[in-house]
Amino acid sequence: MSAIPPDRVTAERLAGLGPQKRRLDPVTGDGTLIEDPAAEIPLVLGNHTFASVTSTICGWVEKPQPGVWLPLFLTAGGVATMCAVMIVYLIITGVGVWGLNTPVGWGFDITNFVFWVGIGHAGTLISAILCIFKQKWRTSINRAAEAMTIFAVICAGTFPGIHVGRVWFAWFLFPIPNSYWIWPNFRSPLLWDVFAVGTYFTVSLLFWYMGMIPDLATLRDRAVMNINRTASFVGLIRIPIGKIAAYFYGFLSLGWRFSMRGWWNYEKAYILLAGMSTPLVLSVHSIVSFDFAVAVIPGWHTTIFPPYFVAGAIFSGFAMVLTLMIPMRELYPGMKDFLTLKHIENMCKIITVTGSMVGFAYAMEFFIAWYGGNPYELKVFLNRAFGPYWWAYWIMVSCNVISPQVFWFKWARTTPWFIFIITIFVNIGMWFERFVIIVTSLHRDFLPSSWGMYSPTWVEILTFVGSFGIFLSLFCLFLRFLPMMAISEIKNVMPAAHPHADLIALARGEKPSRHADGHHGNRAGEGH
Amino acid sequence: MSHATGHAHEHHFEPDPALFAEPNVRAGGAARGLSLALIIAGLALGGFVYLQSAGADKPAMRVAMLSYHTGFLASIAFFIGALGFVMILHQTAAGWSAVIRRQFENLMSLAPVGALLFLPTLVLCYTKPGLLWKWMDPAHVAGDVIFQKKQAFLNLPFFTVRALAFFAVWAGFAFALRSLSLRQDADGDRWKTRTMRKISAPGLLLFALATAFAGFDWGMALDFHFFSTMWGVYFFAQSMLATLALGTLTLIVLRSAGRLEGLVRDEHFHDLGKLLFGFTIFWAYISFSQYFLIWYANIPEETSFMMARREHGWLSLSSALVVGKFVIPFLALLPRPNRRSMAVLPLVCVWILGMHLLDLFWVVQPELTKGPDAPGPSLTPVVIAGILSPLCVMLGAFLWRIASVPLVPLQDPRLPQSLTHRNSI
């Protein structure tokens, strides 16, 4: 009845032993895909010690970046600049440069907003909800996912700001006292959006930053050891990058000293922030869904919208996490030890679950549109599927509902390049979901005289493409300058973090100090 | 068990065989006695309702039927929620839950009992159409344009087929999962755990559809003009909360009866308390969203449902539900000591179960009181007996299940993980 370590499973398999040998499945992939329910699956591979974890993760920041980093960053930065140019063009010219018209008052702008807010859901879900559920595998992905969340929300926040037309009045979004005594409508979900997204951004940023403090202090300490390092700028000026790095990380680490009391406060703050972020994960997209669902527009008003939007947001967020992390683990040396195939498989399973939830919601909407007996509601749904925007609808269904079903097959959810392709489909599908909801519900008003079509102008398309530039260039900067995995949290899920790690090693017949290099107990976080 | 490993590491933990000794993992004969008493009481209450209303006029029969239906929905929620919960536990490979899973397996295996309890209702649908679901009464729906549009779905043959399909899905998956678990008790084949996980994946898909449409058929369609895409999720939320409350209460009662000593500990109750807390919020989130969107859009075909629950004395009950099913359990389950307390937690469970009854009473009963001269909520002996009758039968059958199998999965491969489970970080 005892739990069987994976090496014993392998040994049993090779020796043809075990109670049901014919059904022992082979250890595939990197060794984390063991199906045996009794096996402990390692979360960190490669015989890491605490010191080697620190040096590997810090190395991604301290050593030169992979060759593609600079071209990628320059491209992303160029695309982001294009976005800025498009926004300036919009502001100096007017909203007429977009394709919005009378029945279709929302187009790419709000589609992009909802799309990016949705992407921004995975990070906090991973760091807060999976923390509360004690899913230890989250430690390898939470930092990058949270960073991605923040950058996605930055992209999202851009669009409502610029879509108001007269950007210099954008402060009307906030209830700011003014001499005209003009207030936003407090009963409008558009105002709640401002609060919801604003709160989400603030809390996510705090959570991300607070979780990073011990790791920033590790980078600081390592920078101090190299404080005399300099670099030359085109052979002219010697830049004291050792000092700059030490000050930069020293400033950000807020005087963290790895003291017991510090860790104690840190743990408390972490769990409290996790608890406070959890309702936020649900509330943001629920309120975004209210933007549509409180209306009486057929296709927008339906009661399942809040949980349906939340499921879709998690779905798209995890897809984006995988889109980013699958190339990352190829590019950065040693990352596969922390981001194992099991991590990827777990995320694929979440994608399948949430994708199926989204499919369930599509089905419910369609069924109730018919069952409700409201001719306008039914017409909107038939128009979605078979009207002029039929292609958008079927892209949405095939990318969101059908494509993640391939993860029912183990090969599909453990083969990174294939998963990467599917996640791209999911990203596309989730963008089209918002497009379908917004445009197809608006473009045929109640009266046929108010029917119209919407197609984006080149300005809208380039602004949308440009938002990916903002997102990716920020993410590149994150990879370059910040610890992209939570060093201290990863150590916490290693066997060596167990208070009796030495005894366990003894009992297993291993050398006592194989994992533990002098550190015991919680959060041995300082570097060497 | 060597000394070093026994004390060194949870992963090498070998459970003490004494924990699995017969008296610790078997319910006593008293459970069987109580079970029979409950089933007989349920049947007697059902007989009382039948005798009181058989020869009565139509409104009185309707009161009896709606009350029975309230109790029926309240009792099937237990096995529906349990099935969902067990499948989620398998899917997430939840190691902590090995010692608590058996009681939920017992609960989910009651789907055939639910089918039996549905039988009288189904028979009455054919013999006295329109008594419970007004759309079944041809006279009532004559000339109803909205009804004609949904007739392809709302017709008696299809209704019957659907009911059979729901019970087939629930009973089928529950039987498959529970019998695998019981066979694992005997042979200790740890690969059965993997089989259960594999069954649960398609199981959850079919479960979601069956549960949503059962909610539509048996709850939402009581007012056949009303519709809400959220209804299936709402029914699921009700069921999960009810299951968790009953399962937790069962485990606490078993503990206080001297069973499961050293197996189910305050750490497990802590987690169950957290799940109760979480699903309390989930229920509030779902029902608030549903109410709020209907209220805000203010479209008459939807608001009719909410209006019926604001008028004729129902407003106080609707408000009581907000406070009783959300605010009070939320505040009671928020402090950590309460979730670990063997005094507070059972009280909260009983309270939530009471609120579960009130919630379904709120869903079903106002259908009776629609119209200008409608009476408000009332609790006559027939109403009480009607609600309690299916519940007693269901709980009696549950007790019988508890008495007939070991109280924990004896050879679950994740038992070591579950037995050493801790909440502290």
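All figures in this text were calculated on a predicted structure; none of them were measured in a lab.
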Participant: Most heavy-atom pairs under 4.5 angstrom with chain B, which of A:E365, A:H301, A:K349?
Facilitator: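 The answer is A:H301.
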Participant: Do B:S181 and B:R102 have side chains that get closer than 4.5 Å, going by heavy atoms?
Facilitator: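 Heavy-atom side-chain distance check passes, below 4.5 Å.
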Participant: Around atom CH2 of A:W408, are there more than 12 heavy atoms from other residues, nucleotides or ligands closer than 6.0 Å?
Facilitator: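 For A:W408, atom CH2 is crowded (more than 12 foreign heavy atoms under 6.0 Å).
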Participant: Tell me, side chain or backbone of B:A93 under 4.5 Å from chain A's heavy atoms, or both, or neither?
Facilitator: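 Interface part for B:A93: neither.
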Participant: In terms of side-chain heavy atoms, does A:S286 have a donor or acceptor partner in B:Y285 at a distance below 3.5 Å?
Facilitator: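 Yes, a side-chain donor-acceptor pair sits under 3.5 Å.
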Participant: For B:F226, is it the side chain, the backbone, both or neither that has a heavy atom under 4.5 Å from a heavy atom of chain A?
Facilitator: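 Only the backbone of B:F226 comes within 4.5 Å of chain A.
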Participant: Which bit of B:L205 is near chain A, if near means a heavy-atom gap under 4.5 Å: side chain, backbone, both or neither?
Facilitator: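 Looking at B:L205, just its side chain touches chain A.
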Participant: At a heavy-atom separation under 4.5 Å, does B:Q148 approach chain A through its side chain, its backbone, both, or neither?
Facilitator: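 Neither the backbone nor the side chain of B:Q148 comes within 4.5 Å of chain A.
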Participant: Just by distance, no angles: are the side chains of B:S228 and B:Q290 close enough, under 3.5 Å, to form a donor-acceptor pair?
Facilitator: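 A donor-acceptor contact under 3.5 Å links the two side chains.
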Participant: Check whether B:F292 gets within reach of chain A through its side chain, its backbone, both or neither, counting any heavy atom under 4.5 Å.
Facilitator: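 Just its side chain gets close to chain A.
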Participant: Between A:A295 and chain B, which part of the residue has a heavy atom less than 4.5 Å away: side chain, backbone, both or neither?
Facilitator: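 A:A295 touches chain B through backbone heavy atoms alone.
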Participant: Has the side chain of B:D16 got a donor or acceptor atom that lies under 3.5 Å from a matching backbone atom of B:L19?
Facilitator: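 It does not hold such a pair.
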Participant: For residues A:K134 and B:N423, is any side-chain donor paired with an opposing acceptor at under 3.5 Å?
Facilitator: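 There is such a pair (donor and acceptor under 3.5 Å, judged by atom type) between the side chains of A:K134 and B:N423.
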Participant: Below 4.5 Å from any heavy atom of chain A, which atoms of B:L154 appear? Answer side chain, backbone, both or neither.
Facilitator: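 Side chain of B:L154 only, per the 4.5 Å heavy-atom cut-off to chain A.
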Participant: Please flag which part of B:Q91 lies under 4.5 Å from any non-hydrogen atom of chain A: side chain, backbone, both or neither.
Facilitator: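 For B:Q91, there is no contact with chain A at all, as no heavy atom is under 4.5 Å.
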Participant: Given a strict heavy-atom distance threshold of 4.5 Å, which part of B:A221 is in contact with chain A: side chain, backbone, both, or neither?
Facilitator: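 Looking at B:A221, backbone and side chain both touch chain A.
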Participant: Identify which part of A:T302 has an atom lying under 4.5 Å from any heavy atom of chain B, answering side chain, backbone, both or neither.
Facilitator: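 Both parts, backbone and side chain.
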Participant: Does any non-hydrogen side-chain atom of A:P298 lie less than 4.5 Å from one of A:F446?
Facilitator: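 When only atoms from C-beta onward are counted, A:P298 and A:F446 do touch, with a gap below 4.5 Å.
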Participant: Most heavy-atom pairs under 4.5 angstrom with chain A, which of B:V145, B:L293, B:N298?
Facilitator: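 Heavy-atom pair counts peak at B:L293.
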Participant: Counting only non-hydrogen atoms closer than 4.5 Å, does A:F360 touch chain B with its backbone (N, CA, C, O), its side chain (CB onward), both, or neither?
Facilitator: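 Looking at A:F360, just its side chain touches chain B.
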Participant: What part of B:A201 gets within 4.5 angstrom of chain A, counting heavy atoms only: side chain, backbone, both, or neither?
Facilitator: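 Both parts, heavy atoms under 4.5 Å.
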Participant: Could you tell me which portion of A:Y308 (side chain, backbone, both or neither) has an atom closer than 4.5 angstrom to a non-hydrogen atom of chain B?
Facilitator: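 For A:Y308, neither part sits under 4.5 Å from chain B.
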Participant: Any side-chain to backbone donor/acceptor pair from B:K150 onto B:F224? Under 3.5 Å, distance only.
Facilitator: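 The answer is yes, because a donor-acceptor pair under 3.5 Å joins these two groups.
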Participant: If you measure from the Lys or Arg side-chain nitrogens to the Asp or Glu carboxylate oxygens, is any gap between A:R413 and A:E345 under 4.0 Å?
Facilitator: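 A salt bridge links A:R413 with A:E345.
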Participant: Would you sort out whether B:H268 and B:S418 count as a side chain to side chain contact (heavy atoms under 4.5 Å, CB included), showing the intermediate values?
Facilitator: CA-CA 8 Å; B:H268 301 103; B:S418 185; 3.4 Å; yes
